[in-house]
Amino acid sequence: MNHVEKQRGRKGAADVLIFLLLLAGASAVTLILFYRQAMGEIPSDMKAYILEMQGLDSGYSFPYPVFFRLAALLHLAVSPEMAVALAAVLLNGLAMAVTRLALNRLVLPWWEDTLLIRALLSVLSVSLFFISMLYTPGGIYLPGIHFRYLGVFTPNPFHNATYMAARPFAILAFLWYVKLLPLYEQGITDGTKRDYVLFSLFLFLATMTKPSFTLVMVSTCGILMLYRLLRSGLRHFVPALQLGLCFVPTFLALLYQYKGVFVPEGAEEGGVGFGFGEVWGQYCSLIPLAVCLALGFPLAVLVLNYKECGKNTLFRFSWMLYAVGFAEAFLLYEKGFRKPDFNFSWGYMYGIFFCHFGALAVLLQATGREWRKCIGAQKGEPGARESVSGKTGTLPENRGILRGGRKIPLGDRRLSMGGRRILLGIQWAAYLCHVVCGIAYFLDYFGGSMYY
C-alpha cells in the first residue's frame, strides 16, 4: 500500500469516527427523550405505541407495522418502554446516516475532498434532525401565531415517534425518485432496473412505517408525471406506465391502511372535507407568517438561488413536494372527531423537512464554488476572482468545471466576490437560526414542557 492509499484510508477512518461520535451523541439524547415519553414523563403518543407493540388494544388504529415489529423484536431483550424508545432511535439514526451519505454524493463534487469538509457534512447532517420552526423565546408570540408549534409546524416533531421512524425510508424514496426523474422517459434499461426496484421498495417501507409522507409523495409524483406526459403529447406513455408500476405495492398498502379511516363512526360524520384553512385556521390566524416561520431558511435560499430551480432536480422537486403538502393541509381535513387532530399536517411537515434538505444541499454547493474561488485567489491563479481551478485547468466562470463527469456552473458574474459572500452569509445565518431554535425547542420539550 503506497503513501497516498494510506492517507486516504486514514482520512476515511477518521471521517467515519467523527460521524459515529456525532450520531452516538444525538442518539443518546433522543433515546432519553423517547424513553421518558414511554414512561409518561413527557407528553406524546408513546403509551399507545407500547400497547400496539404488545398486541393490546390501544384505542387507535396503527395499520403500519414496521416500527411496531421492530419494537416487538427489541422487546425480547428489553422492557416495553425501552423497546419502543430504541426502535425510534435506531430508525431516526438510520435517517441521519442516509442523509450523511446523500450529502456526500450531492456536495463533495463541489469541494476539495478534505477531512474538514467531511466533518462539516457530518455536523450538518445531524443538525438537520434538530432544526425547528423559527419562534420567539419566552412565550412571546408574533401576530396571529398562537403557538410555537401548532399552526406553524416543524420538520422535526419530536413528540411523534412514528413520523421519526418513517423518515429514513421517506428520504431514500425521495432521493431515488429524484434520481429517476430525469431518466424515466427514456424507458427502463439494464442500468436503471435496480433503481426502479429500490424506489418501489423504499416507498413501500415508508408507507408501512407511517403513510403521511406517501400521501404527499404520491400526489406530487402523479401530478408531475401527468403534466410531463401531456406535455409530450403522450409519447412517453409506456415509460410513465413503467414508473407508475413502482407505486402499485404502495397503493395496495394504502388501500389496506385507509379502508376504515374515512368512514363514519356511530353518529359522527365521516369522509374528507374541503375548505380553505378549515382546521389550520383554528391554530393560527396568520398562515402566511406561519409559512415564513417554518421555511425561513429554504425561502432565503430560494430567493437568492432561484435559478437553481431550473437546473437542480432535487431542489425543484423538494419545493413541489412542499407545495402539494401545503395544498393538502390547507384545503383538506378529516370530518368527525378526527378533525381537530389535523392529520393532513404530517405530510406538510415532510414538505418542510425536504425543503430544508434541498436548500442545505444547494447552499453547500454554492459555498463550495465560492470557497474554490477564494483558494484560487490565494494561490494567485490567473483570473481566480472570476474562475476556479478544476481538473481540466482554469476555466472562465461562465463555462464551469468538469468534475465527476459533470459540468458545474461557477456562479453569477454580475456580483462581486464580496457581494456573493454576503449573500452566502445571510443564508447560513438563516440556517443557524433554525438550528438554535431547534435546540432550544428540543431542550424545552426534553425538560417536560408541552410540545405545542
Side-chain angles (χ1 to χ4, degrees), residues 63-66 98 102 105-106 166-259 261-262 272 274 309-328 331-332 344 346-348 350-351 353-355 357-358 406:
Y64 31 90
V66 171
V98 168
R105 297 289 299 271
L106 294 169
R167 204 152 39 173
F169 310 120
I171 295 170
L172 288 167
F174 173 86
L175 291 171
W176 251 261
Y177 186 78
V178 168
K179 183 178 181 180
L180 288 171
L181 200 51
L183 307 172
Y184 81 90
E185 290 177 329
Q186 302 169 19
I188 298 178
T189 64
D190 291 338
T192 60
K193 284 180 181 178
R194 180 171 171 268
D195 293 325
Y196 280 80
V197 173
L198 288 174
F199 166 66
S200 183
L201 175 63
F202 294 143
L203 185 62
F204 177 75
L205 288 173
T207 307
M208 296 302 286
T209 311
K210 188 179 181 75
S212 303
F213 165 75
T214 307
L215 295 179
V216 176
M217 180 69 171
V218 168
S219 301
T220 308
C221 296
I223 293 170
L224 179 58
M225 291 167 63
L226 180 61
Y227 166 75
R228 293 177 65 161
L229 181 62
L230 295 175
R231 189 184 62 178
S232 71
L234 304 182
R235 289 194 305 273
H236 299 137
F237 177 78
V238 172
L241 179 62
Q242 291 172 337
L243 182 56
L245 291 175
C246 295
F247 293 87
V248 171
T250 292
F251 285 142
L252 295 175
L254 287 174
L255 287 173
Y256 161 70
Q257 291 169 340
Y258 282 96
K259 64 181 179 181
V261 172
F262 299 122
V272 176
F274 180 88
C309 274
K311 56 190 176 184
N312 189 315
T313 303
L314 186 147
F315 189 50
R316 183 171 61 253
F317 186 69
S318 70
W319 277 102
M320 292 179 183
L321 194 71
Y322 169 80
V324 173
F326 173 85
E328 290 186 1
L331 298 174
L332 304 178
F344 282 104
W346 297 114
Y348 175 70
Y350 273 109
F353 175 81
F354 282 110
C355 273
F357 180 96
R406 292 187 296 166

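Please read these numbers as outputs of a predicted model, since none were measured by experiment. Below, each value reflects all heavy atoms present in this structure, side chains not excepted, and no hydrogens, waters or symmetry copies.
- Between the CD1 atom in I223 and the CG atom in L226 there is a gap of 8.5 Å [rounded to 0.5 Å].
- Taking all atoms of both residues into account, the shortest heavy-atom contact from K193 to I188 is CG-CG2, 3.4 Å.
- Listed here is the closest heavy atom pair of G187 and T192: O-OG1, 4.2 Å.
- To the nearest 0.5 Å, atom NZ of residue K179 and atom CZ of residue F174 are 14.5 Å apart.
- S200 places no side-chain N or O within 3.5 Å of a backbone atom of Y196 that could act as its donor or acceptor partner.
- Contact detail for L229 and A240: the closest heavy-atom pair is CD1-CB, 4.5 Å.
- Judged by distance alone, the side chain of S318 and the main-chain N or O of F315 form a donor-acceptor pair under 3.5 Å.
- The aromatic rings of F357 and F353 lie tilted to each other, with the angle between the two planes from 30° to 60°.
- The side-chain contact (heavy atoms from CB on, under 4.5 Å) test with F251 is passed by exactly one of T207, T214, V218: V218.
- The nearest pair of heavy atoms linking K311 to R316 is N-NH1, 3.9 Å.
- Between Y177 and F317, the angle of the ring planes lies from 30° to 60°, which puts this pair in the tilted group.
- Taking the six-membered ring for Trp and thresholds of 30 and 60 degrees, W176 and F202 have ring planes more than 60 degrees apart, a perpendicular arrangement.
- When all heavy atoms of A253 and F204 are compared, the pair lying nearest together is CB-CE1, 3.9 Å.
- A donor-acceptor pair shorter than 3.5 Å cannot be found between the side chains of Y322 and Y350.
- For the residue pair S219 and E328, a side-chain donor N or O sits within less than 3.5 Å of a side-chain acceptor on the partner.
- P182 and V178 make their closest contact through CD-O, 3.2 Å (heavy atoms, listed as atom of the first residue, atom of the second, distance).
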